[in-house]
Structures are given as structure tokens and as C-alpha cells.
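The structure under discussion appears below in the form of C-alpha cells.
Order of the sequence lines fixes the chain letters, A, B, ..., with proteins taken first and strands second; residue numbering starts at 1 for each chain. Just so it is clear, the structure is predicted and the values come from calculations on it, not from any experiment.
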2 protein chains.
Amino acid sequence: MTAMSEPADDDAPRRRTGGRSARVRSAVLQATIAQLLEVGYDRLSVHEVAAAAGVAPTTVYRRWPTRAELILAALQELSAVAIEVPDTGTLEGDLRSLIRSIAATVGQPALRPVQRSIAALPDDVAGEYRRSFWADRLDRTSAVVERAIARGELPEGTEPSHVLELLIAPIWFRLIISDTPLDDDALDRWVRAAIAAA
Amino acid sequence: MTAMSEPADDDAPRRRTGGRSARVRSAVLQATIAQLLEVGYDRLSVHEVAAAAGVAPTTVYRRWPTRAELILAALQELSAVAIEVPDTGTLEGDLRSLIRSIAATVGQPALRPVQRSIAALPDDVAGEYRRSFWADRLDRTSAVVERAIARGELPEGTEPSHVLELLIAPIWFRLIISDTPLDDDALDRWVRAAIAAA
DNA sequence: TCCCTAACGCAACATCTGTAGCGTACTGAC
DNA sequence: GTCAGTACGCTACAGATGTTGCGTTAGGGA
């Protein structure tokens, strides 16, 4: 997290981000995701990832010194997908639509190993990423709550992130912590709970 | 998860659970916890655990073939602690007391590596444990909600586990998923939310 | 106390993981 | 096109991880 994009040192090496390097990076991260999906965090082998990417193991180790850093990079790549914010005209409609689309994508059992990997990464490696990712996610969906406030469905001064956090938390609790399947009744209940809380 | 404690086979080996075996088991699991707290999931070395426990590495491998199984066993040992259920006379008082004591114990930063380990364990190893653990946890604290129903604070037919799940989920979301610190304002908000939802 | 054998220790080994040095290829600026 | 130097491939290797076989210790029933 360096604040400046241009280092102060004038003898700084000129990094190469295009061409071969870009192809290597892409291939390795893609192979990492594939391995994660297949065998999970602790059975992931850097050598096998390198082989699958058609790259020498040493190359992988040089760019991502630890497995945690490699996995983090792969996950960052994967989580860069956009999220669409619904606009149904009512808060309940919006939240219901939102939670269902989240549950549909994130609830897929095949993704569980990947999600567990994010949770497993130590704080000093992934802490900053997790915080900024969720701050961004909650911020991007805050429009739903802000429109509800404008419509008078929610009192002035309601904090959007609080509402959305309450909506989303139970999903992840079930997926990662309590290892319990999601059901539509629960989703609706959490929508009503988030509204009632605000 | 064999249903019977006594195998049907009459030539079944008579397991030895006491004496030396018990000491070895205890020492190894204790050393595992210590390692988990110190270096976390993926840097945990079975050889070092064995050394710390004063035991041969092969002994550890024989009893717990994979690191995941070893860690699971250690966590089961650790999570066997009892939870005290408050009784303040009001639902809000009870939930506030409950969430504060949970946050105080589980919120300690030093425990984060251990918690991440639970989350990291693959479903086929720890799934059954996680489900039964949380079913039990929610069941043990359900008295709080049942008393509130009896007092007329909550409508008849309210499902205790739903209320408690909603209360607890945000804690774990912050600790494991969004990596955000807990604050007292948030705890109070979640108490009110859980009540409002029911 | 005796005896059977489960559970452990030890040594030797096969495999996997990560590092270091050096030569080569490709990038990107001129 | 030219060229400096970054990023990669390759080989060799050090160390960690996990397995196998066999001898030894000690638990627990008789």
C-alpha cells in the first residue's frame, strides 16, 4: 500500500507488466483458481500450479514468495467481478432481489473451497484486502438503502452499510462458519430482519 | 460416526484409550493448539508439534493421518468449554449480556488464527463437526428466547435458533469475513436488530 | 502376576517444497 | 533497429513432509 505510484528513487528498475509477464501472470492465477476449486487450500501445490500454467516453478516462487500471496492474488483477480444493484421500487423488493442473487452465486457448493481459502489467509497477508473489498461491496450496494431513505421507507440518518451488513452476515455465517445450507425461508427472514432493524 | 459403540465383529481389536495413549493424545493436541496460536494454519508443522509434545512424528501421523484431522481434533478439544446463559429478566438484557460475553472471549485478536483454521478445514473433514457444534450452541442458549416468549416479550412460535443466529452471525462476519473490529455500538445495534426481527 | 498385543519409538527412505546461481529470451525505451 | 536489463527457464540442491518396516514398551484383561 504505497501511496505513490512513482517511487522517489530515480534509479528504480523499470518493471515489465506487459507481453510475456502478463501472460504468465494470467496463466498462473487461472491455474491457481482451478487448483483451489479442485483440491482446496492446503492441498494446493505450487509445482502443480506452475505445471498447469506451463511455467517453471521458480517463476511462480519469484513473483509470489508464499502460497498465501499467490492465493490472495488469484482471489483478487476472481473477485473483481461487478455486482448489479437492483431497483424494484421498494426496499423489500430490492433487498430480496439482492440477497437472492448473492445467495445464488455465492451459495454454490463448488465455490466453498475458494471461500474457505479467503477466510483462511492470515490477517497480515489478506487483512487489508478483506477490509477494502467489503467496504467497497457495502458501498456499491448502498444505493438501495439510500433510495429507501429518499422514499421515506427508512428514517433519515440510517447508515446503509449497517443495513447491508446485517443482511449479508447470516449468509456467510451459514456458508463458512456453521456449514449449514441456505434456504429461501431464511433469506426472506433476513430481508425482513434487516428492514425491521432500521 | 458409527452408531454403535460396540462393533459387531467379535475379532475387533481392543483399543487402548487410557494411560500412555491418553497422555500422548493430550500432549499432541495441546501442542497443536499452541502452534496454531503462534504460527497459524499453513505454517503448522507436524514434526514441530510432535517435538513440542515429546513424541515421535510417526506417532502423530498414525493417529491423525492429515493435518486437517489433527487440527480438527485439537479444536474439538478446545471448543468443549461450557457457555453460561444469562438471566437478567428481560430479553434485551439477556441478549446484550450474551453478545458481550461472546464478543469478549471470541473477539481476542490472538484467537484469530485458530478461528480461521476452523473456517479453513474442508467440508468433508469438519462439516459434521461445524454443524453439530453450532446446532448445540444455538440450542444451549435458546433458553434466553424461550423465557422471553413465556414473558410475552416475543410472539408464540418464535424460533429461538433464528433469533440467536441473527444475533451471532454479524460477529463472525466481522471477525472472519470482513476482518473488521467489533465495537460496542455495533453489538447493541445487533441486539436491537435481533429483537426487532422477532 | 502373567501374557497378548495395541501403541509407540526409531531408522531409513521417498516425495514434496522452496531456494540459489547462471544463462537465455523477451520487453520496452530510444 | 539497437540495446540495456527485467523476467523467465533450467539445473542443482537444501530442507521439510509424510511413509514403511521392525523392534520395543506398556495397557489392561485374565
Side-chain angles (χ1 to χ4, degrees), chain A residues 5-7 9-32 35-36 38-74 117 120 122 125, chain B residues 5-7 9-32 35-36 38-74 117 120 122 125:
Chain A
S5 57
E6 193 67 25
D9 292 336
D10 54 348
D11 58 349
R14 294 155 209 159
R15 299 276 153 226
R16 296 181 178 174
T17 56
R20 180 174 58 168
S21 294
R23 284 194 301 274
V24 165
R25 176 186 159 82
S26 170
V28 170
L29 296 186
Q30 194 174 330
T32 301
Q35 281 273 314
L36 270 186
E38 195 181 346
V39 301
Y41 189 127
D42 46 0
R43 291 182 206 168
L44 179 135
S45 158
V46 174
H47 281 66
E48 282 185 22
V49 166
V55 156
T58 44
T59 298
V60 179
Y61 282 115
R62 264 191 289 255
R63 286 171 69 108
W64 302 279
T66 68
R67 246 179 30 189
E69 286 170 86
L70 171 62
I71 291 175
L72 174 61
S117 301
V125 173
Chain B
S5 56
E6 193 68 24
D9 292 336
D10 54 346
D11 59 348
R14 294 155 208 158
R15 297 277 154 226
R16 296 177 178 176
T17 56
R20 182 174 54 168
S21 293
R23 284 195 300 276
V24 165
R25 176 184 158 82
S26 170
V28 169
L29 297 186
Q30 194 173 331
T32 302
Q35 282 273 315
L36 269 186
E38 195 180 346
V39 301
Y41 190 129
D42 47 357
R43 291 183 205 168
L44 179 135
S45 158
V46 174
H47 282 66
E48 282 185 20
V49 166
V55 156
T58 45
T59 298
V60 179
Y61 282 115
R62 264 190 288 256
R63 286 170 69 106
W64 302 279
T66 67
R67 247 180 30 196
E69 288 171 84
L70 172 62
I71 290 175
L72 175 61
S117 301
V125 174

Q.
Between B:T66 and B:E69, do the side chains contain a donor N or O and an acceptor N or O under 3.5 Å apart?
A.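 A donor-acceptor contact under 3.5 Å links the two side chains.
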
Q | Toward the 5' end of DNA chain C, by each residue's nearest nucleotide, A:E48 or B:V24 | A |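 By nearest-heavy-atom nucleotide position, the 5'-most residue is B:V24.
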
Q: Mind checking A:R23 for me? I need base, sugar-phosphate or nothing, with any heavy atom below 4.0 Å counting as a touch.
A: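 Counting heavy atoms under 4.0 Å across all strands, the contact made by A:R23 is with sugar-phosphate only.
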
Q.
Under 4.0 Å, heavy atoms only, any strand: does A:T66 hit a base, just the sugar-phosphate, or nothing?
A.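 No contact.
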
Q) Does A:A56 or B:R67 map to a spot on DNA chain D nearer the 5' end, using the closest nucleotide for each? A)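 It is A:A56, whose closest nucleotide lies nearer the 5' terminus.
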
Q. Of A:T17 and B:T17, whose closest DNA chain D nucleotide lies nearer the 5' terminus?
A.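 That would be A:T17.
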
Quick one: [X] [atom1] to [N] [atom2], roughly how many Å, whole number?
X	N	atom1	atom2	result
B:Y41	D:dT17	OH	P	14 Å
A:L44	C:dT17	CG	C1'	12 Å
B:D42	D:dT17	CG	C1'	15 Å
A:I71	C:dT17	CD1	P	12 Å
B:H47	D:dT17	NE2	P	7 Å
A:W64	C:dT17	CH2	C1'	17 Å

Taking the side chain of [X] as its heavy atoms from C-beta onward, which of [options] lies nearest to it?
X	options	value
B:R62	C:dC10, D:dT19, C:dA7	C:dC10
B:R63	D:dC8, C:dC8, D:dG9	C:dC8
A:R20	C:dT19, C:dG9, C:dT27	C:dT27
B:Y61	D:dT17, D:dG28, C:dC8	D:dT17

Minimum heavy-atom separation for [X] to [Y], with atom names?
X	Y	result
A:V125	A:L72	O-CD2, 3.4 Å
B:V49	B:V28	CG1-O, 3.8 Å
B:S45	B:Q35	N-OE1, 3.9 Å

Q: Look at the side chain of B:T58 against the base of C:dC10 and say whether a donor-acceptor pair falls under 3.5 Å; ignore hydrogens and angles.
A: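 Pair found.
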
Q.
Measuring only between side-chain heavy atoms, which start at C-beta, is B:W64 closer than 4.5 Å to B:I71?
A.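 The answer is no, as the side chains (C-beta and beyond) never meet within the 4.5 Å cut-off.
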
Q: Return no unless some side-chain N or O of A:S45 is found under 4.0 Å from OP1 or OP2 of C:dT17.
A: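 True: A:S45 side-chain N/O within range (under 4.0 Å) of C:dT17 OP1/OP2.
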
